Amino acid sequence: MKKILLLSACLLSLFFAEDAVGQSSKSIPGPVIICPPGAHAGHSHVPMPKYIADKLRADVELRDTEDACAEIIVNYTGFSPEAEAAFEYAKTIWENALVSTVPIVIDANWTDLGENALGSAGPANILADFTGAPDDRWYPIALANQFAGSDLAFGGSHILANFNSEFDWYLGTDGNTPTELFDFVSVVLHEIGHGLGFTTLRDYDVDTGVGTLGFGAPTIFSRYDDFLLLGPGGNSLTTLGDGTALGDAMVSDNIYSGSSAAILANGGTAPRYYAPVDYAGGSSIAHWDESDFPAGNIQSLMTPQIGPAEAIHNPGPITLGLFEDIGWELCQSLDDQPCTTWQDPSPTGGYTNFNTSFGGAPCDDGGGCPFNEIQGFAVWAGEAYSINNFIEGGSYTFSICNGPGAGSWVPDFTIIAPSGAVDAFGSTTSCSITWTASESGTYLIVINEDGNCGDILATNNGWPAITCSGS
């Protein structure tokens, strides 16, 4: 009988460890998740979250790095100095995304993984019934440490990660990945994400169609498992029991997240997990869906594949939302994250009225900055505008301050640069936002009602307008 085994053979033995205060806790080696190489889908670069970039710039100026929310210590084996530097850059992003009072230790190995894996990783151990455990679920040891308030590994490592020494890597940190290379920073971020808890204990028999979830007798599920639903808002996979019904779900392409924070971060829509009809042993159920969050999407870090020239240096709001519901404390609340979701005119494009009416963003040609306003309609929430001719270094203001409905609801703006970077979000006043363009080209101006990311609940505010400041 051919069976795809997703857990190490070591998982067949459950052992009990006594933690620092003498409580007997269950501990097993964590599952290893595999990241295969993806196909080239063009150049894309999603930069680190703006609040992290701003914080790191301030740290450089102050020569002070003590205000990170977590400390990650890496034990390197086989890495070049350039690869270590890229890894250090990547871990800094996680250090400023999640709060950890106990340093997180990673054993990182540079080794030949064959042609079908960029990297692999998982928690060194997962624990249940430890001191401070909020429930009876399995937790990755790095997160268990936060509940316990101490190092339950007693000086050992918390994450095991491997990176393929035989691939052609881009070891830069700027996200400008050449066409034929794989962005190492992105893969490091991805693998650390698995070690921090984006993982599950699951198995699937390709001959019998039997699926299993969780581990032990009686079965104990991971906290991650609690958010696996058969269909948006459907039944939890934890209620199906081991068998063919669970197996059918695992290959249904219909598993969604029930994490309320992840749903909110996805504009009110449940994010879909990767559960293809052809079961992928190292990837199924342990990633977001690749087709829903392709290269260049801010949510794409924890999809199963990273392709050449794809750089994603952002954990993504839905991943952070899921982590918050699993039990991690976020370094910055998701309420303070930019909303990059809208419904009209499409999930990826924007209305191009400004390009038609005014030729794009205005420029001061010596006679001052024109105030370009479209008075034929009012903006609604859940909309975006595509405006071209922005100039790097120029200062611009987008507003909805005039018109019969102006001020009827509080807007939240997100200013997205041509590369996908978020230049600014929120508002400068109650009806406008001002920012400096980091790039030249076509920008997307996303408008939502404050507190309702992606939802069309509010209509008929002010007229859309744009102006510039100075040359």
Side-chain angles (χ1 to χ4, degrees), residues 17 19-21 25 27 30-31 33 48-49 51-56 58-59 64-76 87-108 121-128 130-135 137-161 185 188-199 222-224 259 261-262 265 301-302 313-337:
D19 62 27
V21 296
S25 62
S27 178
I33 307 301
M48 69 171 64
Y51 74 92
I52 295 180
D54 290 344
K55 185 176 181 181
L56 295 180
D59 283 345
D64 177 16
T65 58
E66 298 299 319
D67 60 347
C69 295
E71 179 185 7
I72 297 177
I73 301 169
V74 186
N75 300 319
Y76 293 103
F87 200 116
E88 290 291 311
Y89 176 86
K91 80 178 182 67
T92 299
I93 297 173
W94 279 117
E95 286 176 327
N96 288 279
L98 301 179
V99 175
S100 179
T101 57
V102 179
I104 299 168
V105 179
I106 301 176
D107 284 350
N125 295 92
I126 57 174
L127 279 67
F130 50 89
T131 297
D135 46 46
R137 291 335 202 197
W138 292 109
Y139 286 89
I141 188 167
L143 179 52
N145 287 345
Q146 305 316 302
F147 291 120
S150 62
D151 183 9
L152 300 177
F154 307 109
S157 61
H158 308 124
I159 297 174
L160 305 178
V185 168
V188 171
L189 280 173
H190 178 101
E191 302 304 347
I192 293 177
H194 286 309
L196 292 170
F198 205 105
T199 187
S222 73
R223 187 70 176 105
Y224 178 97
S259 160
L301 178 68
M302 298 309 297
H313 295 181
N314 192 317
I318 60 171
T319 295
L320 292 177
L322 176 64
F323 274 17
E324 184 175 41
D325 280 346
I326 286 174
W328 284 104
E329 179 184 350
L330 302 187
C331 198
Q332 178 163 313
S333 169
L334 283 173
D335 293 339
D336 299 325
Q337 305 288 330

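Here the structure is a predicted model, which is why all the values come from computation and not from measurement. When reading the values below, keep in mind they use all heavy atoms of this one structure, side chains included, and skip hydrogens, waters and symmetry mates.
Ring geometry for Tyr224 versus Phe198: interplanar angle over 60°, hence perpendicular rather than tilted (30 to 60°).
Side chain of His190 to backbone of Leu301: a donor-acceptor contact under 3.5 angstrom is found.
Rounded to the nearest 0.5 angstrom, Thr92 OG1 and Leu189 CG are separated by 9.5 Å. A distance of 9.0 Å separates OG1 of Thr101 from CD of Glu329, quoted to the nearest 0.5 Å. A distance of 10.5 Å separates CD1 of Ile141 from CD1 of Ile159, quoted to the nearest 0.5 Å. To the nearest 0.5 angstrom, His158 atom NE2 is 12.0 Å from Leu143 atom CG. Separation of atoms CD (Glu95) and SG (Cys331) is listed at 10.0 Å; rounding is to 0.5 Å. In this structure, CG on Leu160 lies 8.0 Å from CG on Asn125, to the nearest 0.5 angstrom.
Considering every non-hydrogen atom in both Tyr139 and Ile326, the closest pair reads CE2-O, 3.5 Å. Closest non-hydrogen pair, Ser157 versus Ala124, comes out as O-CB, 3.5 Å. The two residues Ala97 and Leu320 come nearest to each other via the heavy atoms CB-CD2, 4.2 Å. Contact between Ser25 and Leu127 at its shortest, heavy atoms only, is OG-CD2, 4.4 Å. The two atoms that bring Ala68 and Lys55 nearest to each other are CA-NZ, 3.9 Å, heavy atoms only. Minimum interatomic distance between Trp94 and Ile192 (heavy atoms only, all atoms of both residues): CD1-CG2, 3.4 Å.
Applying the side chain to side chain contact (heavy atoms under 4.5 Å, CB included) test between Glu88 and each of Val74, Ile72, Val188 identifies Val74 as the sole match. Test Ile93, Asn314, Val185 against Met48 for side chain to side chain contact (heavy atoms under 4.5 Å, CB included) and you get one pass: Ile93.
The shortest distance between side-chain heavy atoms of Leu330 and Leu98 falls below 4.5 Å. The shortest distance between side-chain heavy atoms of Pro49 and Pro315 falls below 4.5 Å. The closest side-chain heavy-atom distance from Phe147 to Leu152 is not below 4.5 Å. Looking at Thr199 and Ile126, their side chains never come closer than 4.5 Å, going by heavy atoms from C-beta outward.
A donor atom on one side chain and an acceptor atom on the other are not found under 3.5 Å apart for Ser100 and Glu71.
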